[in-house]
2 protein chains.
Amino acid sequence: MATACEHCPLRRSKLFVEHSPDDTRFMERFKVGELTINPGTPVLMEGSNSPQLFTALRGMGLRYKMLQNGRRQVLNLVFPGDFIGLQAGVMGEMQHSVEASSAMTLCVFDRAGLWNLFRSQPERAFNLTWLAAVEEHFLGESLATVGQRGAMEAMAWALTKIMQRGEALGMVENRAMPLPYRQQDLADALGLSLVHTNKTLAKLRDRQLANWRDGLLIVNDLKELAKLAEMDFAPLPKRPLM
Amino acid sequence: MATACEHCPLRRSKLFVEHSPDDTRFMERFKVGELTINPGTPVLMEGSNSPQLFTALRGMGLRYKMLQNGRRQVLNLVFPGDFIGLQAGVMGEMQHSVEASSAMTLCVFDRAGLWNLFRSQPERAFNLTWLAAVEEHFLGESLATVGQRGAMEAMAWALTKIMQRGEALGMVENRAMPLPYRQQDLADALGLSLVHTNKTLAKLRDRQLANWRDGLLIVNDLKELAKLAEMDFAPLPKRPLM
DNA sequence: CGGTCGATTGACACCTTTCAATACGGGTGG
DNA sequence: CCACCCGTATTGAAAGGTGTCAATCGACCG
């Protein structure tokens, strides 16, 4: 039984721009169904030309890219509210893969309806571009982190970003939030080796800055973690929800 | 004397999606002027809320982001045909800075006209989103390079990409193209130190794979360079020109 | 209970960074 | 016209952060 957009749980988060009744009506029509998948299930593969687009409704996943040398770069983590497949929608095919890390529920949209959206809903079209710009912004920050920060700073940056996003989504209870990834995933996101990632996490635990174990991330003093990362600790910018 | 869109020199390149007469007519109205600047001149600053958007018409520049620790990450190089300022256009303010590396000529657009574009030119709006997706794709590749490739591979990747782009734009003559950057710029783009960048370039010269001196990049065998980078050597995807 | 996957640890090798010094060309003021 | 300064490019040597290799451990599963 699909969730009605009108009652979409994501709309409770202040992270997203509010929908007008008209927006909701349109999305209700744009949405063609719901998809529930298990951890490890691929959603979109690089090179694929999927006829469908998604919005993560529940659960978490990751976007990644494989290189010829066998190494993997995780581009970012997929959280509830993230739009998946825009690249395929406008460029023709995906340039990276997406897969679920926890159980996920996805809203499914028909790619063919995209053109209709641009023609009849300029505001929604604008929002799509906005979403693309938000992604671009985040990738830029990630690039700066991987390129210019050391392992400890980078990890602190990543965990801070994750915690911030988790808070905005209401996933944090008692300074803890679910984080259903493997250390290898974070390693591949930050361009670090698995071993070094493990040791870096151990240090953060020793320093009592962040404790990530058994899929649960606990951060007592987010400000302190952000300071270690030498990052601007600004509130997340609002973003549209498709 | 501003260049008429109809006679835009960029339209000769096969890199860009062709304009319909209607497109050209619209762009002619959307374009409010032309800007010529000297090397080193900033175009947009991080945090700025510029009322203007640009398309690079001639010359080259770079986008970058400064970190609190004083280090700089170059996000990508700006080549003719690149659109500048989309982030400010949709998100409100720039998340990175842009400056000229060579003398540049920019087409200037009025940000206020953006909304009109979305409302009355769905096809152009679609192209804007397309452009954002192209940027996202490139940033993803850069992230993968900085995160997962060694210095030599990374440099080979960068020079290959540059040469490819240069070829598509008709900037390559006799296997050589202008590349008006400092070694520090490439270093900041790849997350390498200046010294190591210098030594890596020296090795590429020794191996006769790439020779970049005095603002001129010479590559005799692009295939060979791409092989060293272990990259997929696919032709650049077409992109829209605003 | 053997087998697999993810997390941990210790030791060591090595790629990059940092530190320093020199070289070279262009611009400027004496 | 030349000395001087500054930005960029080069090089050598040493320090250090990360990666790789290997082995162990705990949890889960058929």
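Note that this is a predicted model, so its numbers are computed, not measured. Order of the sequence lines fixes the chain letters, A, B, ..., with proteins taken first and strands second; residue numbering starts at 1 for each chain.
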Distance in angstrom units between [X] [atom1] and [N] [atom2], rounded:
{"X": "B:Asp214", "N": "C:dG25", "atom1": "CG", "atom2": "P", "answer": "9 Å"}
{"X": "A:Asp206", "N": "C:dT9", "atom1": "CG", "atom2": "C1'", "answer": "13 Å"}
{"X": "B:Asn69", "N": "C:dT17", "atom1": "CG", "atom2": "C1'", "answer": "14 Å"}
{"X": "A:Asp185", "N": "C:dC5", "atom1": "CG", "atom2": "P", "answer": "15 Å"}
{"X": "B:His196", "N": "D:dT11", "atom1": "NE2", "atom2": "C1'", "answer": "14 Å"}
{"X": "A:Leu201", "N": "C:dT8", "atom1": "CG", "atom2": "C1'", "answer": "11 Å"}
{"X": "B:Glu153", "N": "D:dG19", "atom1": "CD", "atom2": "P", "answer": "14 Å"}
{"X": "B:Leu194", "N": "D:dT10", "atom1": "CG", "atom2": "P", "answer": "10 Å"}

Q.
Looking at B:Glu141 and B:Lys161, is any side-chain nitrogen of the basic one under 4.0 Å from a carboxylate oxygen of the acidic one?
A. yes
(Q) Under a 4.0 Å threshold between the charged nitrogen and the carboxylate oxygen, would A:Lys199 count as salt-bridged to A:Asp206? (A) no
Less than 4.0 angstrom between a side-chain N/O of [X] and OP1 or OP2 of [N], yes or no?
{"X": "A:Asn198", "N": "C:dA7", "answer": "no"}
{"X": "B:Gln184", "N": "D:dA9", "answer": "no"}
{"X": "A:Arg213", "N": "D:dG26", "answer": "no"}
{"X": "A:Arg71", "N": "D:dG19", "answer": "no"}

Q) What closest approach, in Å, do B:Phe79 and B:Gly166 show between heavy atoms, and which atom pair accounts for it? A) CE2-N, 4.5 Å
Q) In this structure, are over 12 heavy atoms from other groups packed under 6.0 Å from A:Arg12 atom CZ? A) no
Q.
Does B:Gln68, at its CD atom, have more than 12 non-hydrogen atoms belonging to other residues, nucleotides or ligands within less than 6.0 Å?
A. yes
Q.
Over all strands shown, is A:Leu192 touching base, sugar-phosphate only, or nothing at heavy-atom distances under 4.0 angstrom?
A. sugar-phosphate
Q. Touch check for B:Gly191, heavy atoms < 4.0 angstrom, all strands: base, sugar-phosphate only, or nothing?
A. sugar-phosphate
Q: Decide yes or no, distance alone: a donor-acceptor N/O pair under 3.5 angstrom between the base of D:dG19 and the side-chain of A:Lys199.
A: no
(Q) Counting only side-chain heavy atoms from C-beta out, which of D:dA9, C:dT9, D:dT18 sits nearest to A:Val195? (A) C:dT9
**Q.** Side chain of A:Ser193 (C-beta onward), nearest among C:dT17, C:dT9, D:dT20
**A.** D:dT20
